[in-house]
Protein chains: 2
Amino acid sequence: MGDKEHITINQIADEAQVSIATVSRVMNGNTSVSAERRKRVEEVIQKYNFSPNALARGLISKQTMTIGVVLPDISNPYFSSMFLEIERFSLEAGYTLLLCNTLFGGSSHGIRNTRDEAYYFQMLVEKQVDGVLIIGGQVDLVTVDVNYKQALKRLSDQLPVVVIGKEIEDTNCVFIHPETGQGVTLAINYLYMLGHRQIAFVGGQPNVTITDIRVNAYKSALKELGLSVDERLISLSDYYSKDGYSAINTLVSRNVPFTAFLAINDNVAIGSERALQDLSIKVPEEVAFISCDQFENGEFHIPRLTSINQHHDLLGRLVINTLINIIGGNSSPPKFSLAPELVIRESCGTHLGIKR
Amino acid sequence: MGDKEHITINQIADEAQVSIATVSRVMNGNTSVSAERRKRVEEVIQKYNFSPNALARGLISKQTMTIGVVLPDISNPYFSSMFLEIERFSLEAGYTLLLCNTLFGGSSHGIRNTRDEAYYFQMLVEKQVDGVLIIGGQVDLVTVDVNYKQALKRLSDQLPVVVIGKEIEDTNCVFIHPETGQGVTLAINYLYMLGHRQIAFVGGQPNVTITDIRVNAYKSALKELGLSVDERLISLSDYYSKDGYSAINTLVSRNVPFTAFLAINDNVAIGSERALQDLSIKVPEEVAFISCDQFENGEFHIPRLTSINQHHDLLGRLVINTLINIIGGNSSPPKFSLAPELVIRESCGTHLGIKR
DNA sequence: TTGAAAGCGCTACCAG
DNA sequence: CTGGTAGCGCTTTCAA
């Protein structure tokens, strides 16, 4: 049972022989308290290890020092590394985070939630969080569901919301949309430079903005280089290892030759490589690849993954700062540019000495 | 600014021409409301999309339907997969989770927090969470810090606390301590069966319970098989890929031959393999290995990782259920056994056909 | 079935 | 500098 004792400000006031107003002042660092009383109060607080009830506090102050973070799947390194960065900054600013995994589209574990994002939104409003951060999920769909959009509007009508993703009109969210196509161009150019002319694209859920943008960037880059686009070289699936595995199998079954491919992220790259190995296709000798989104372990992979660092950590920092600023009343327009960086390692078969 | 409008129960009552008591009844599914009034109230609630203030609610009801989860690093697959499972069950029971990454011992990213666990504990108490789940961190140290212990005691004096880890006396926590040595025995026996006689142990932070237990199990298993224990074949470090990498380098530099090793988890295994590759030692031909703790991507690795499934998901389910039961007043003693399972894949060089 | 009213624990205003 | 007190928004008796 949760029936453990709870000290209140009244008991502290009693024992310290002062009014609750004075105790409150001491707790909030108000200067208008005599040294003697302050000391007395502090001692009693110490003695009972008293911590003020944040509910009561929040009821008056209208802030809970809590921020809601809504994302699809924390077990995905993309989200977890960002979350860590977000938490670090929240902590410094005194905020705590309510994490909501919507498991949109299913996680790597195949787990699915029974509740949708609207449910979480409602809950966050009820709990009076000071703001909400939305990182992926339904916002990322190329065409956003009407109900979702409505839920998002309602949420953003009630509290500050920052979302990582492309703008959804008729809502009051602040949208931060990093350029994610640029890196693809970098990658394609690099592969071209190495002599590759048949380059495939592997992984990523169809109809999700990031997939869309990258596929488009892929096509544009190809055209820019005077290469033709063959739709059969595009094999989408999802964002996990198993999806890289299946995507490669699909791709190979189409019998269109390719000498290199772009994987939507490191997980997909790993699954892809596994699939190629099972098909006795040598990597990187026969097929080179680059991942569009760098995760943690890539540099320990065999071969070490050449991939694009999209600076998720910086992005995380950016969004939490933006949100906290908005909560604080400073609506500083989020100015930023996170130029992606091609990290050349071994999965394209060369070192080039460019290593950095 | 967070100055968005907030509807309250009063306005709903006004508009519906009933008392706030009636509105409250409607919201809480109390039957003592006439159909007519109920309908009127529901319509107004709908109209304004009213959600009750959980702070005010919690102030009276003494519960916030929020649970605090304290763990070292959510970017570690061990924790994230467990968290997902925990969240799923919390959700069903109506709880939301406050996630606290203590970054104890530093994360894979090298990030460290400025606050310690005691700070989080304090914050969770203030926010009146209904219970706390502690998964790793300082609890896992072989000798627990005095201050930490005191903080833990204070926390558990004030609310229900379930910790995954070995018992720490003088606290009111419920401890759930899965057997983690058993799997090691399985692994060693398997390696022995394959003919290995010089088996090393790689990774894991020294002075952390789980490392300790596994190293001890490793030693016992070796002795059981009539093999001698050579301390030079034990190379500890930490739990990430980079740590597997460094641990192998240390190990090899000692010049004690080994034909197989146990890695503390899949991350370490991956880093280890990379190190061996860099040393031109062939895996699994020259050195076979098994990971003690299976993560997500192991089956896509080259070679596919043979590792031990410790059933973290089940453990997560177990602990959250235990906590929720305690919160609900049922102090059902956590009965369980999670027999680890050796998942044989390729990193020991054979398939054996045992595949399952 | 209904509403009035008493708080939950705290902050902030107002007098003194 | 200090204490009294009016709420914050809600639930829950207690009468009606």
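Residue numbers start from 1 in every chain, and the chains themselves are labelled A, B, ... in the order their sequence lines are given, proteins ahead of strands. Heavy atoms only: backbone and side chains are in, while hydrogens, waters and symmetry mates are out.
- Phosphate proximity of D:dT2 to A:R37: present, with a side-chain N or O under 4.0 Å from OP1 or OP2.
- Taking atom CG on A:N30 and atom C1' on D:dG3, their separation rounds to 14 Å, with Å as the unit.
- Heavy atoms only, all atoms of each residue included: B:P160 and B:I327 are closest at CG-CG1, 4.2 Å.
- Residue A:K62 has no polar side-chain atom (N or O) positioned under 4.0 Å from OP1 or OP2 of C:dT11.
- A:T22 comes within 4.0 angstrom of sugar-phosphate atoms only, judged by non-hydrogen atoms across all strands, and of no base.
- Put simply, CD1 on B:I7 is 10 Å from P on D:dC10, counting in whole angstrom units.
- Comparing B:V33 and B:L59 by the nucleotide of DNA chain C that holds the closest heavy atom to each, the one mapping nearer the 5' end is B:V33.
- Summarising the geometry, the separation between CD on A:E126 and C1' on D:dG9 is reported as 13 Å, rounded to the nearest angstrom.
- Across all strands shown, A:L55 has no heavy atoms under 4.0 Å from either base or sugar-phosphate atoms.
- In this structure, CD1 of A:I9 is placed 15 Å from C1' of D:dC8, rounded to the nearest angstrom.
- In this structure, A:R40 atom CZ and D:dC1 atom C1' are separated by 13 Å, rounded to whole Å.
- With D:dG4, C:dT11, D:dC10 as the candidates, the nucleotide lying closest to the side chain of A:S19 is D:dG4.
- Here the P atom of nucleotide C:dG9 and the CD1 atom of A:I12 are 13 Å apart, to the nearest Å.
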Subject >> Candidate pair B:R88 and B:E92, rule salt bridge (charged side-chain N to carboxylate O under 4.0 Å, His left out), full reasoning >> reply: CA-CA 7 Å; B:R88 200 154 66 112; B:E92 279 172 20; 5.3 Å; no
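- Note on ring orientation: taking the six-membered ring where Trp is involved, the planes of B:H312 and B:Y78 are perpendicular (angle over 60°, cut-offs 30° and 60°).
- Comparing B:M27 and A:A21 by the nucleotide of DNA chain D whose heavy atom lies nearest to each, the residue mapping closer to the 5' end is A:A21.
- Looking at heavy-atom distances under 4.0 Å, B:T8 makes contact with sugar-phosphate atoms alone, never a base.
- Of all heavy-atom pairs between A:P178 and A:L315, the closest is CG-CD2, 3.8 Å.
- Contact annotation for A:S32: base contact, defined as any heavy-atom pair under 4.0 Å involving a base atom.
- Residue A:N10 has no polar side-chain atom (N or O) positioned under 4.0 Å from OP1 or OP2 of C:dC10.
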Subject >> Derivation and outcome, side chain to side chain contact (heavy atoms under 4.5 Å, CB included), residues B:Y119 and B:T102 >> reply: CA-CA 10 Å; B:Y119 172 85; B:T102 60; over 6 Å; no
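- Between B:S24 and D:dT11 there is a side-chain N or O to OP1 or OP2 distance below 4.0 Å.
- Put simply, CD1 on A:I20 is 9 Å from C1' on D:dT5, counting in whole angstrom units.
- If you check distances only, the side chain of B:R25 does reach the base of C:dG3 with a donor-acceptor pair under 3.5 Å.
- As rounded to whole Å, 16 Å separates atom P of C:dG9 from atom CG of B:N53.
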